[in-house]
Protein chains: 2
Amino acid sequence: MTEKPPVRARRTTLADVAARAGVSVPLVSIVMRDAPGASAATRERVREAADELGYRPDSRARMLRRSRTQLIGVVFGVQHPFHGDLVSGLYTAADTAGYELALSAVTPGRNESRAVASLLQDRCEALVLLGPSLPTTELADLAARIPVMVVARPVRSKAVDVVRTDDAAGIQLAVDHLVELGHYRIAHIDGGRAPGAAERRRGYREALSRHGLDEVVILPGGLTEDEGAEAARHLLALSSRPTAVTVFNDRCATGVLDVLHRERFSVPGDMSVVGFDDSSLASLSHIALTTVAQDAERITTLAIARAIARLDGHDAPDEREQVIAPHLVVRSTTASPDIEPAAAPSRGVQTFST
Amino acid sequence: MTEKPPVRARRTTLADVAARAGVSVPLVSIVMRDAPGASAATRERVREAADELGYRPDSRARMLRRSRTQLIGVVFGVQHPFHGDLVSGLYTAADTAGYELALSAVTPGRNESRAVASLLQDRCEALVLLGPSLPTTELADLAARIPVMVVARPVRSKAVDVVRTDDAAGIQLAVDHLVELGHYRIAHIDGGRAPGAAERRRGYREALSRHGLDEVVILPGGLTEDEGAEAARHLLALSSRPTAVTVFNDRCATGVLDVLHRERFSVPGDMSVVGFDDSSLASLSHIALTTVAQDAERITTLAIARAIARLDGHDAPDEREQVIAPHLVVRSTTASPDIEPAAAPSRGVQTFST
DNA sequence: CAGAATCTCTAGAACGTTATAGCTCAGTGG
DNA sequence: CCACTGAGCTATAACGTTCTAGAGATTCTG
């Protein structure tokens with residue numbers, strides 16, 4: 001019995017610290033929580049003992065004892081770059097409100113139902129779902145058990161709260177910008193069945209009609225670079241070619257840009273391009289995509305605030321769906337259609353190649 | 001006292017199920033865990049009661065009572081796309097081994113220390129750190145408390161386990177491929193202080209000398225598209241221009257490609273480019289980057305297996321550092337340098353622009 | 001100086017689960 | 001008829017924390 005392989009010394013607990021400091025267990029708890037009820041001298045002594053033993057509170061036991069777990073569950077897609085921005089924002093919002101976050105990822109081998117189930121086992125008090133693809137009925141069922149915040153997807157059910165960008169207004173900003181520059185043949189590359197795509201399509205139509213333009217050109221696109229590239233080829237094949245295009249998102253727009261470059265079109269000389277998301281892609285200096293920025297910070301702040309309001313019993317029905325205004329970030333892929341770029345070797349090449 | 005605002009019905013517990021089924025609490029526990037010690041008839045009855053009440057086990061209480069939490073903590077960067085692949089792999093590996101994962105993200109406002117601290121509070125049994133930037137001493141301190149697996153970064157300390165790709169071998173694969181195609185002026189764009197960069201640099205040097213090539217060209221690069229673009233401009237300005245280049249990672253390589261296209265260079269006609277990571281970027285049809293693929297599935301499987309081995313008390317010192325062989329994915333950005341592409345309008349343009 | 005208020009601390013119970021030990025009852029073998 | 005076995009179930013005690021109630025000491029108040 002000289003060797004005990006997995007000896008794994010028991011974690012130090014409040015009881016260990018209490019014994020070392022010569023006080024009771026609850027008093028140590030009081031000190032560790034900075035709760036009132038201990039003298040300064042004792043606090044000092046207890047803290048010292050805790051440090052010496054390397055004490056770390058056990059959040060499982062803590063949450064078990066408290067009625068409130070102060071835990072908000074987040075379901076996010078591990079592939080989607082914009083979810084990264086949202087998760088960052090959620091962390092800071094939750095932190096300032098004194099809540100913790102429990103992350104549960106959706107991966108190719110782990111669907112949303114599993115992700116949600118694990119968060120329910122962890123006894124989260126509320127759930128934040130980023131761009132969920134669960135059917136509305138399941139979302140409603142879930143919301144019967146626990147407050148549910150859906151981010152970046154419109155949901156018809158009244159059971160769940162929604163925080164999302166005003167997609168229609170975003171595209172309208174883009175069209176306004178293009179019209180102001182002098183464009184009047186403006187196309188839209190679509191996101192298909194993706195969350196928000198229908199709204200953006202609608203915004204495009206409305207903006208055009210508001211400006212008295214009737215040449216509606218909607219091309220099937222998608223969420224990825226490949227789908228954008230495909231759409232761009234169709235765009236260039238049109239008989240009366242538009243001078244500008246609004247694209248469902250930045251990834252898709254990057255695919256469009258790539259095809260334009262390969263086909264020797266100058267951007268923005270021959271074609272202005274506007275994306276959507278203001279993802280890290282867009283701000284890259286060699287892409288410099290003009291794009292519609294979603295206010296991730298505001299979205300996440302509101303989602304957390306609303307979740308906490310629900311937990312506190314404040315149900316404001318008028319805030320069930322919060323639609324956040326986006327803003328336009330103008331970079332280098334948009335310009336007036338009639339101005340010939342001063343030093344644009346590509347312009348000549350385009351003439352050469354057509 | 002007619003209204004109780006946050007009434008929030010208490011979760012159903014084992015006791016509720018037990019009362020409904022007319023049995024004791026421990027028996028319900030036995031049934032829910034599929035443990036031996038209950039008759040088939042009783043199991044049926046208990047399960048029925050549990051379903052009716054919508055019972056969900058409380059993982060906090062469960063983990064508190066068990067000595068083992070069966071929980072592995074993962075620290076990952078929310079920005080880094082490759083971490084997404086790794087997280088996916090970790091989920092499936094942990095799942096098949098009967099472990100749960102606790103995710104903790106590193107964001108601009110949440111550093112690695114905080115991410116680790118929160119996992120320690122959750123009483124994870126082991127930690128998996130993806131490409132951590134913590135100093136070696138802190139990693140060693142951490143490893144004194146809990147088994148630590150470092151993924152995708154070489155660490156000198158013997159305290160932590162490491163699972164990583166053989167970066168040097170990866171670049172050597174790339175160089176071998178290029179030499180085979182007939183290249184002999186091959187440059188390398190560097191990753192600076194990034195994890196793995198030093199190894200890749202070394203692999204480049206060794207591969208060149210193995211092939212008897214002495215024209216070592218190492219250009220400062222980085223992890224991002226912008227840094228790749230910058231490096232590409234330096235590359236093109238070289239007096240005796242290389243015909244091929246190996247780049248630190250795919251993002252950086254994308255920046256290189258973009259500058260090459262803008263400057264009217266044909267890829268692979270005028271310049272072959274090889275990336276590293278086989279990220280989703282590389283496989284996009286309009287980029288089609290030849291690249292060195294890291295075996296994410298194998299890396300994650302080994303990391304989980306090793307963590308569990310540690311927990312079971314098996315410490316195999318010879319497996320402290322596991323170096324995984326990468327493989328080359330050949331796409332369309334590499335070709336022989338002397339073959340003029342058949343239909344390459346850009347070739348003429350390049351001549352035109354130089 | 002009595003009584004009240006305040007401060008500092010402790011005892012004990014509780015959160016929801018599971019491990020351990022023990023109970024009951026049928027069946028079995030001597 | 002008794003001891004024994006084993007299956008099926010229950011009582012009790014933990015896990016580590018925090019809440020409630022209250023004890024003892026000190027200070028304040030009139």
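First the proteins, then the strands, lettered A, B, ... as listed; each starts at 1.
Straight-line distance from the CZ atom of B/R68 to the C1' atom of C/dT17: 18 Å, rounded to whole Å. Spacing between atom CG of A/L14 and atom P of C/dC15 amounts to 19 Å, rounded to whole angstrom units. In this structure, the CG atom of A/D122 is 21 Å from the P atom of C/dC15, given to the nearest Å. Taking atom CZ of A/R45 as the reference point, atom C1' of C/dC9 lies 11 Å away to the nearest angstrom. Atom pair B/L64:CG and D/dG16:C1' shows a separation of 6 Å (rounding to whole Å applied). In this structure, A/D16 atom CG and D/dT17 atom P are separated by 9 Å, rounded to whole Å. For B/M63 and D/dT17, the CE to P distance is 14 Å, given to the nearest whole Å. Here the C1' atom of nucleotide C/dA19 and the CZ atom of B/R62 are 14 Å apart, to the nearest Å.
When each of A/A38 and A/A61 is assigned the nucleotide of DNA chain C bearing its nearest heavy atom, the one mapping closer to the 5' terminus is A/A38.
Backbone-only engagement by A/P57 is indicated by non-hydrogen atom pairs under 4.0 Å involving sugar-phosphate atoms exclusively. If you check every strand for non-hydrogen atoms under 4.0 Å, A/R33 touches sugar and phosphate atoms only. Across all strands, A/T13 comes closer than 4.0 Å only to sugar-phosphate atoms, never to a base (heavy-atom distances).
For the side-chain contact (heavy atoms from CB on, under 4.5 Å) test with A/L90, the passing option among A/T300, A/L103, A/V151 is A/T300; the others fail.
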Step by step, would you call B/S59 with A/Q121 a side-chain hydrogen bond (donor to acceptor under 3.5 Å, both in side chains)? CA-CA 5 Å; B/S59 63; A/Q121 286 209 340; 5.1 Å; no
Working note: A/S133 + A/E112, criterion side-chain hydrogen bond (donor to acceptor under 3.5 Å, both in side chains); need CA distance, chi angles, decisive distance, verdict. CA-CA 8 Å; A/S133 55; A/E112 282 182 35; 2.7 Å; yes
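Taking only side-chain nitrogens and oxygens, A/R123 never comes nearer than 4.0 Å to OP1 or OP2 of C/dG16. Dashed line: the shortest gap from a side-chain N or O of A/S29 to OP1 or OP2 of D/dT17 is not under 4.0 Å. One finds no side-chain N or O of B/S39 lying less than 4.0 angstrom from the OP1 or OP2 phosphate oxygen of D/dA7. Contact between the side-chain N/O atoms of A/S24 and the OP1/OP2 oxygens of C/dT10 is found at a separation under 4.0 Å. Look at A/R65 and you won't find any side-chain N or O under 4.0 angstrom from OP1 or OP2 of C/dA14.
For A/D58, the listed nucleotide lying nearest its side chain is D/dT17; candidates were C/dT17, D/dT12, D/dT17. Closest approach to the A/I30 side chain among C/dT10, D/dT17, C/dA19 is made by C/dT10 (side chain taken as heavy atoms from C-beta onward). Taking the side chain of A/V23 as heavy atoms from C-beta on, and the options D/dT18, C/dT18, C/dT10, the nearest nucleotide is C/dT10.
By the 4.5 Å heavy-atom criterion applied to side chains, A/D295 and A/T165 are not counted as neighbours.
The pair B/D34-B/R47 meets the salt-bridge criterion, with a side-chain N (NZ, NE, NH1 or NH2) lying under 4.0 Å from an Asp/Glu carboxylate O.
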